[in-house]
Amino acid sequence: STHKLYFCAILSIRYLNPKLMGPAHDFVEQNAPKEMPKGFVSSRSFHIAPDRGMAIMWFKTQQDLDNAFPMLKEFQNKLADMFNGKVSAEKAITSPSLDMDI
């Protein structure tokens, strides 16, 4: 496989009031850290309508993920408090042998 191994944070939120998903999205867009943690590679966010959202953040090493994880969870908990949501945060490792591209 030509794909690399990455260490990921999978962050999800379920809004108890689906109408708060839009304002929460706007808040994240306007308040995301300007400087990402060491080892950050990329992120992808998902709207899982009508009341859920998820983000996957890729890091170069396990240490980079471990160092960033408390800050990520803190931001996510703040979001849950502000917008009446239930959150989860998990660490994961990619499976390069199962990666597919077009």
Side-chain angles (χ1 to χ4, degrees):
S1 171
T2 59
H3 294 91
K4 294 182 181 179
L5 180 67
Y6 290 105
F7 301 85
C8 301
I10 301 174
L11 309 170
S12 63
I13 186 166
R14 183 175 62 84
Y15 299 94
L16 301 180
N17 177 351
K19 292 178 181 172
L20 294 178
M21 187 169 176
H25 172 95
D26 294 344
F27 176 84
V28 171
E29 202 172 297
Q30 295 163 10
N31 293 281
K34 302 296 180 229
E35 190 172 314
M36 296 307 287
K38 177 185 178 293
F40 172 79
V41 175
S42 66
S43 66
R44 173 82 27 114
S45 295
F46 303 85
H47 282 245
I48 306 170
D51 63 346
R52 292 183 297 148
M54 181 179 73
I56 302 174
M57 303 181 77
W58 285 264
F59 292 87
K60 292 179 184 177
T61 69
Q62 183 71 53
Q63 188 64 50
D64 292 335
L65 171 59
D66 290 345
N67 290 341
F69 204 68
M71 181 271 293
L72 299 175
K73 283 181 70 172
E74 182 181 330
F75 187 85
Q76 189 180 29
N77 287 331
K78 178 180 178 179
L79 194 65
D81 289 343
M82 291 177 66
F83 296 98
N84 197 21
K86 301 282 186 190
V87 295
S88 71
E90 300 174 284
K91 295 179 186 179
I93 301 170
T94 56
S95 297
S97 64
L98 296 176
D99 286 352
M100 292 181 249
D101 294 314
I102 296 174

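All heavy atoms count here, side chains included; hydrogens, waters and symmetry mates do not.
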Participant: When you group the ILVMFWY residues by side-chain heavy-atom contacts below 4.5 Å and let the links chain together, are F59 and M71 in the same group?
Facilitator: yes

Participant: When you compare the side chains of Q30 and D26, does any donor N or O come within less than 3.5 Å of an acceptor on the partner?
Facilitator: no

Participant: Is any side-chain heavy atom of T94 closer than 4.5 Å to one of C8?
Facilitator: yes

Participant: Would M82 end up clustered with L16 when hydrophobic side chains under 4.5 Å apart are linked, directly or stepwise?
Facilitator: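 As far as the 4.5 Å side-chain criterion goes, L16 and M82 are not connected within one cluster.
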
Participant: Just verifying a value: how many Å separate N31 CG and K34 NZ, rounded to the nearest 0.5 Å?
Facilitator: 7.0 Å

Participant: Answer yes or no: is there a side-chain heavy-atom contact under 4.5 Å between I13 and L79?
Facilitator: yes

Participant: Out of curiosity, M57 CE to L65 CG, how far, rounded to the nearest 0.5 Å?
Facilitator: 10.0 Å

Participant: Which atoms form the tightest heavy-atom contact between K4 and P96, and what is the distance?
Facilitator: O-CG, 3.5 Å

Participant: Tell me the ring pair (Phe, Tyr, Trp, His ring centres under 6.0 Å) pairs involving residues 14-39, sequence neighbours left out?
Facilitator: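 The answer is H25-H47, F27-F83.
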
Participant: What about F7 and L11, same hydrophobic cluster or not, with Ile/Leu/Val/Met/Phe/Trp/Tyr joined at side-chain heavy-atom distances under 4.5 Å?
Facilitator: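 Yes, one cluster joins them.
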
Participant: Rounded to the nearest 0.5 Å, what's the gap from CD on E90 to NZ on K73? Could you check?
Facilitator: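 Output value for this atom pair is 10.5 Å.
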
Participant: Do K91 and Q62 come close enough that some side-chain heavy atom pair is under 4.5 Å?
Facilitator: yes

Participant: About how many Å separate CZ of R14 and CG of D51, when rounded to the nearest 0.5 Å?
Facilitator: 6.5 Å

Participant: What distance separates N84 CG from K19 NZ, expressed to the nearest 0.5 Å?
Facilitator: 13.5 Å

Participant: Give the cluster check for M21 versus F75: same hydrophobic cluster or not, with ILVMFWY residues linked at side-chain heavy-atom distances below 4.5 Å.
Facilitator: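 Hydrophobic grouping puts M21 with F75.
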
Participant: Calculate, to the nearest 0.5 Å, the distance between atoms OG and NE2 belonging to S97 and H3 respectively.
Facilitator: 10.5 Å

Participant: When you compare the side chain of L5 with that of I93, does any pair of heavy atoms fall below 4.5 Å?
Facilitator: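 Side-chain contact under 4.5 Å: yes.
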
Participant: Remaining members of M54's ILVMFWY cluster at a side-chain heavy-atom cut-off under 4.5 Å?
Facilitator: Y6, I10, V41, F46, I48, I56, W58

Participant: If you compare all heavy atoms of P50 against all heavy atoms of P18, which two are closest, and at what distance to 0.1 Å?
Facilitator: O-CB, 3.6 Å

Participant: What residues form a side chain to side chain contact (heavy atoms under 4.5 Å, CB included) with D81, not counting sequence neighbours?
Facilitator: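 Result, side chain to side chain contact (heavy atoms under 4.5 Å, CB included) vs D81: none returned.
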
